[in-house]
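The structure under discussion appears below in the form of structure tokens.
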Amino acid sequence: MLATSAAARSLLYRSARHGSATIGSALSSNVAATRSFASIEPYADYGKSVFTGRVADEYLKKHGSSGDILQDPSWTKTHSDTVAKAVLDWAVDRGANTYCHWFQPMASSGVRHGQTGQVQNMMMKFNRSTNDVEFDFEGENLIKGETDGSSYPNGGLRATHTAGGYLAVDTSSPIFLRGDTVFIPSAFVSYYGAALDEKTPLLRSNAALNKHGKRLLKHLGLDIGERDVVSNIGLEQEFFLVPREQYYRRPDLQLAGRTIMGRDAPRGQEMCDHYMAPPSLANPALACMQEIQDECWRLGIPLKTRHREVAPNQYEFAPLYGYNTTQVDQNLMVMQIIEEVSARHGMAALLQEKPFNDVNGSGKHNNWSIATDDGIMMLHPQKINKATGNPAAFAVIMSAIIAAVNEHGDLMRMAIASPGNDFRLGACEAPPAIVSTYLGDDMTFYLSHFKDGKGEGEYIPQKKMLDLGTHEVLPFEVPSEDRNRTSPFPYGGARFEFRAVGSSQNVSMVNTVLNTIVAEKFAEFSDAIDAGADPHDIARQALNENWKVIFNGNNYDEAVQQELTDRGLWRIDSGVEAIARFTAEKNVALFQKMKVLTKEECESRQMIMHDHYTGTVEIEAKCMIDMIQQHIIPSVKAAGVGPLGDLEAAVVSLKEALGEIHGAEESYKKAQLSRVLRLETMIDIRAVCDAAEEVVPANLWTLATYKELLFLDQHTAVAPDTEPTYFDE
């Protein structure tokens with residue numbers, strides 16, 4: 001459906017570029033004509049801004065090579081000049097003249113635009129003899145770079161007098177181009193090789209998962225030789241769109257990403273009227289989402305799904321799954337594009353986990369799976385059992401994962417301890433901070449029999465037929481298992497879905513943890529088998545020892561939450577305390593054993609995460625002070641009604657709390673004090689502010705209200721048509 005004229009013109013523009021007169025004339029007559037066959041030609045430029053596949057092959061062949069060399073990371077040693085020449089040709093053909101090493105500093109969510117770092121350099125120079133312009137981009141420029149490592153959050157790993165930060169191309173994620181700039185995905189480390197970024201630990205965890213996954217597969221009957229075990233993910237990105245003119249009337253949204261005060265509108269999500277509702281042509285949201293998708297597909301990002309979410313003005317995009325480092329990189333670019341394109345449509349995008357009180361917040365469901373790099377899915381029972389020739393292979397793999405979740409649920413909780421998740425976990429929108437896994441009744445029954453020695457047959461998921469008793473709708477097949485949206489980590493058929501991940505997060509740490517804890521269990525299983533143990537016996541023991549982590553019921557039920565707590569499952573309600581688990585003895589030993597993080601790197605990341613939490617709260621508290629003094633108190637005085645004395649006292653309380661935080665010496669203590677300020681003091685003060693909003697006349701209230709922010713369908717209209725602008729045109 002070309003729902004807007006802007007979308008139609010977008011397709012027309014592509015058609016004109018590629019000489020598709022048939023489609024152009026069809027669209028110019030409001031798609032009145034029909035074609036005999038669908039044509040992909042108007043979309044031929046999709047993916048051309050990524051240096052991979054046929055694009056890379058075409059340009060590398062011009063230099064006597066082929067795209068095959070990119071499959072082996074050693075091209076950085078043997079063919080870097082060749083690849084650089086090909087990248088330069090491709091870039092110039094697409095109008096680019098600049099390059100950067102594109103990396104992922106820590107503690108970026110909610111504050112750093114795009115959540116990445118880059119220094120952009122022209123790919124040209126002047127000839128010193130003739131002063132003629134020449135291209136200047138060689139292999140050494142492509143494969144490495146250098147920057148100041150001390151100016152990014154580093155937890156003491158760098159200082160002004162030891163500031164070196166070094167960038168090396170990540171060959172697992174393709175080079176891409178946007179506008180006039182080539183982006184080279186890179187790892188970022190210190191002079192001594194310590195990770196200063198989000199990407200490097202993920203790459204190390206991939207190596208651990210590959211090493212020990214291959215070992216276990218070989219013991220189960222499948223020797224994959226030089227092939228690899230890889231982790232694939234798919235990320236469902238939720239966000240809000242609000243009118244930009246109202247966004248400018250909310251300092252808290254502008255600077256902190258969430259409303260720290262605001263009275264509920266008369267209408268919220270209680271009618272369940274927004275979820276999956278038709279996109280409205282009465283506001284610019286659909287045209288915005290269409291343009292976001294178009295730009296993403298040009299960058300090779302398969303942003304396949306779009307829909308409305310539960311809360312008013314809340315939406316979601318979901319791509320096709322892929323290799324984890326590539327998916328993380330693409331998700332960061334998706335978030336940046338969402339923010340930038342929404343501004344062109346007169347809206348502001350909110351990626352924070354809980355922008356509004358009393359309506360759902362936003363998550364980023366992390367669908368995680370493991371497979372061989374030639375496509376044998378290790379979490380698909382029929383496929384892995386067939387590939388190994390072992391009917392119990394799936395059960396052994398699942399038992400290792402169940403053991404990992406039970407033992408290291410604290411690390412899983414740590415990985416989702418983003419500041420915004422403070423307000424989201426545990427409500428009827430995201431699983432609580434109690435780590436369990438849902439398997440469904442059929443699989444639970446199968447694994448129960450397996451662990452009790454009652455049967456070792458193959459697990460074959462059952463299918464169920466639904467017959468509606470109608471002539472028009474024939475009986476159709478559905479999975480045997482229902483969906484459990486309350487579980488933090490449900491099995492969903494060939495994958496697990498980590499549902500508690502926050503929408504603003506870089507999910508590198510989430511997937512680093514998943515890879516590492518599973519790799520450790522694969523290693524333990526393989527070590528025991530090497531020592532003569534039977535794989536079935538190892539798996540049975542693991543299931544018996546960790547069975548308590550399996551729960552198929554309603555995680556939102558408070559009685560159930562107490563039951564799970566009594567079982568001894570990991571429950572850490574405080575994000576600050578969850579972060580502190582990073583340096584627990586068992587967790588440091590785990591990361592060191594798997595060669596993912598050193599003790600110093602664990603300590604530095606814990607400090608960075610606590611500082612990020614404290615910094616986030618400080619911004620929110622300062623916004624609250626400004627909003628009370630510059631908006632609410634003047635409005636109350638002008639109206640002659642409202643809790644003036646309480647508001648003036650609130651400012652004093654906020655300043656005192658900030659002073660106490662600044663006086664604390666350690667990052668952990670600062671974060672603990674910040675959590676009290678945020679979840680106790682500021683919530684009480686919010687109630688005072690909202691009480692003032694309730695009685696002050698609307699014409700005297702200067703802050704945008706929830707009513708003005710949350711209902712695009714009722715408050716906005718599509719702006720006059722303007723020609724969309726694309727970065728590569």
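As the structure is a computational prediction, the values presented were derived from the model and not from experiment.
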Given 3.5 Å as the limit, does a donor-acceptor pair link the side chain of N324 with the main chain of I233, or not? no
Among side-chain atoms of N515 and W368, is any donor-acceptor pair under 3.5 angstrom? yes
How about M276: does its CE atom have over 12 heavy atoms from other parts shown lying under 6.0 Å from it? yes
Take D422 and K354 through the salt bridge (charged side-chain N to carboxylate O under 4.0 Å, His left out) test and state the conclusion after the steps. CA-CA 9 Å; D422 263 358; K354 193 71 171 178; over 6 Å; no
With a 3.5 Å cut-off and no angle check, do the side chains of Q672 and E577 form a donor-acceptor pair? yes
Check whether any side-chain N or O of Y275 sits under 3.5 Å from a backbone N or O of H307 as a donor-acceptor pair, and report yes or no. no
Minimum heavy-atom separation for Q115 to Q505, with atom names? OE1-C, 4.3 Å
Within the 3.5 Å criterion, strictly below it, is a donor on N360 or E309 matched to an acceptor on the partner's side chain? no
Return a table of donor-acceptor pairs under 3.5 angstrom between the side chains of residues 614-624 and protein atoms on other chains or two or more places apart.
residue	atom	partner	partner atom	Å
T614	OG1	H610	O	3.1
T614	OG1	A671	N	3.3
T616	OG1	H612	O	2.8
E618	OE1	H662	NE2	3.4
E618	OE2	K622	NZ	3.1
E618	OE2	H662	NE2	3.0
E620	OE1	R258	NH2	3.0
E620	OE1	R678	NE	2.9
E620	OE2	R258	NE	2.9
E620	OE2	R678	NH2	2.8

Using modelled atom types and a 3.5 Å cut-off, is there a donor and acceptor pairing between side-chain atoms of S369 and backbone atoms of R495? no
Does the side chain of T565 pick up a donor-acceptor pair with the side chain of R571 at under 3.5 Å? yes
Any residue meeting salt bridge (charged side-chain N to carboxylate O under 4.0 Å, His left out) with R308, in chain and number order, not counting sequence neighbours: D713
Kindly compute the distance separating CG (L286) from OG (S280), expressed to the nearest 0.5 Å. 8.5 Å
Are L679 and F423 packed together at the side-chain level, in the sense that at least one heavy-atom pair is separated by less than 4.5 angstrom? yes
Tell me, do E353 and S418 make a side-chain contact under 4.5 Å, heavy atoms counted? yes
Here the pair of heavy atoms bringing L425 nearest to P431 is CD2-O, 3.5 Å
Rounded to the nearest 0.5 Å, what separates atom CG in N555 from atom OH in Y438? 11.0 Å
Reported CG-to-CG distance for the pair N552 and N484, which is rounded to 0.5 angstrom: 7.0 Å
T705 backbone acceptor or donor facing E708 side chain under 3.5 Å: yes
Answer yes or no: are there more than 12 heavy-atom neighbours, outside Y323 itself, under 6.0 Å from its atom OH? yes
Quick check: closest heavy atoms across L712 and L241, and the distance to 0.1 Å? CD1-O, 3.5 Å
Side-chain touch S436/F489, heavy atoms, less than 4.5 angstrom: no
Can you tell if the side chain of Q104 reaches within under 4.5 Å of the side chain of L332, non-hydrogen atoms only? yes
Is it the case that the side chains of E316 and T305 hold a donor-acceptor pair, with the cut-off being a distance below 3.5 Å and no angle test? no
Does some side-chain heavy atom of L177 sit less than 4.5 Å from a side-chain heavy atom of L299? no
Heavy-atom closest pair (R424 atom, R499 atom, distance to 0.1 Å) is NH2-O, 3.5 Å
Between Q561 (side chain only) and E558 (backbone N and O only), is there a donor and an acceptor less than 3.5 Å apart? no
Regarding T116 and W102, is there a side-chain donor-to-acceptor distance under 3.5 Å anywhere? yes
Side chain H274, main chain A311, donor-acceptor under 3.5 Å: yes
Go through the side-chain N and O atoms of E236 and N367 and say whether any donor and acceptor fall under 3.5 Å apart. yes
With a 4.5 Å cut-off on side-chain heavy atoms, are D294 and Y46 touching? yes
Indicate whether the side chain of Q246 and that of R249 have a donor and an acceptor atom separated by less than 3.5 Å. yes
Apply side-chain contact (heavy atoms from CB on, under 4.5 Å) to the pair D690 and N357, showing each step before the final yes or no. CA-CA 11 Å; D690 294 352; N357 194 40; 5.5 Å; no
Does the pair L654 and M682 meet the rule for a side-chain contact (heavy atoms from CB on, under 4.5 Å), with working shown? CA-CA 8 Å; L654 289 167; M682 289 178 66; 3.8 Å; yes
Pairing of R581 and D410 as salt bridge, 4.0 angstrom limit: yes
Check this for me: does any side-chain nitrogen of one of K199 and D329 sit under 4.0 Å from a carboxylate oxygen of the other? yes
Y706: partners by side chain to side chain donor-acceptor pair (under 3.5 Å), with sequence neighbours left out: T259, R686
Minimum heavy-atom distance between P302 and Q330, given as atom pair plus value: CD-OE1, 3.8 Å
Measure the CZ-CD1 distance between R298 and I337 for me, rounded to the nearest 0.5 Å. 11.0 Å
Between the side chains of Q237 and S503, is a donor N or O closer than 3.5 angstrom to an acceptor N or O? no
Please tell me if the side chains of Y315 and R306 come closer than 4.5 Å, counting only heavy atoms from C-beta onward. no
Are D197 and P105 packed together at the side-chain level, in the sense that at least one heavy-atom pair is separated by less than 4.5 angstrom? no
Residues R178, E340: salt bridge by 4.0 Å N-O rule: yes
Between Q293 and L303, is there a donor-acceptor pair closer than 3.5 Å when you use the side chain of the first and the backbone of the second? yes
Can a donor-acceptor pair be found, under 3.5 Å and without considering hydrogens, that links the side chain of E270 to the backbone of G268? yes
Relative to the ring of F317, is the ring of F239 parallel (under 30°), tilted (30 to 60°) or perpendicular (over 60°)? parallel
Under 3.5 Å, is there a donor-acceptor pair linking the side chains of H345 and E291? yes
Which of R244, E245, R250 passes side-chain hydrogen bond (donor to acceptor under 3.5 Å, both in side chains) with Y248? Answer is R244
Counting N and O atoms only, with roles assigned by atom type, does the side chain of N511 sit under 3.5 Å from a partner on the main chain of V507, one being a donor and the other an acceptor? yes
Taking K464's backbone N and O only, do any of them form a donor-acceptor pair with E477's side chain (distance below 3.5 Å, no angle check)? no
Run E497 and N366 through side chain to side chain donor-acceptor pair (under 3.5 Å) and show every step you take. CA-CA 6 Å; E497 181 182 15; N366 189 106; over 6 Å; no
From M412 atom CE to M414 atom CE, the distance as rounded to the nearest 0.5 Å: 11.0 Å
How many angstroms lie between OG in S504 and CG in L350, if you round to the nearest 0.5 Å? 11.5 Å
Kindly give the heavy-atom pair with the smallest separation between S487 and P490, and that separation in Å. O-CD, 3.4 Å
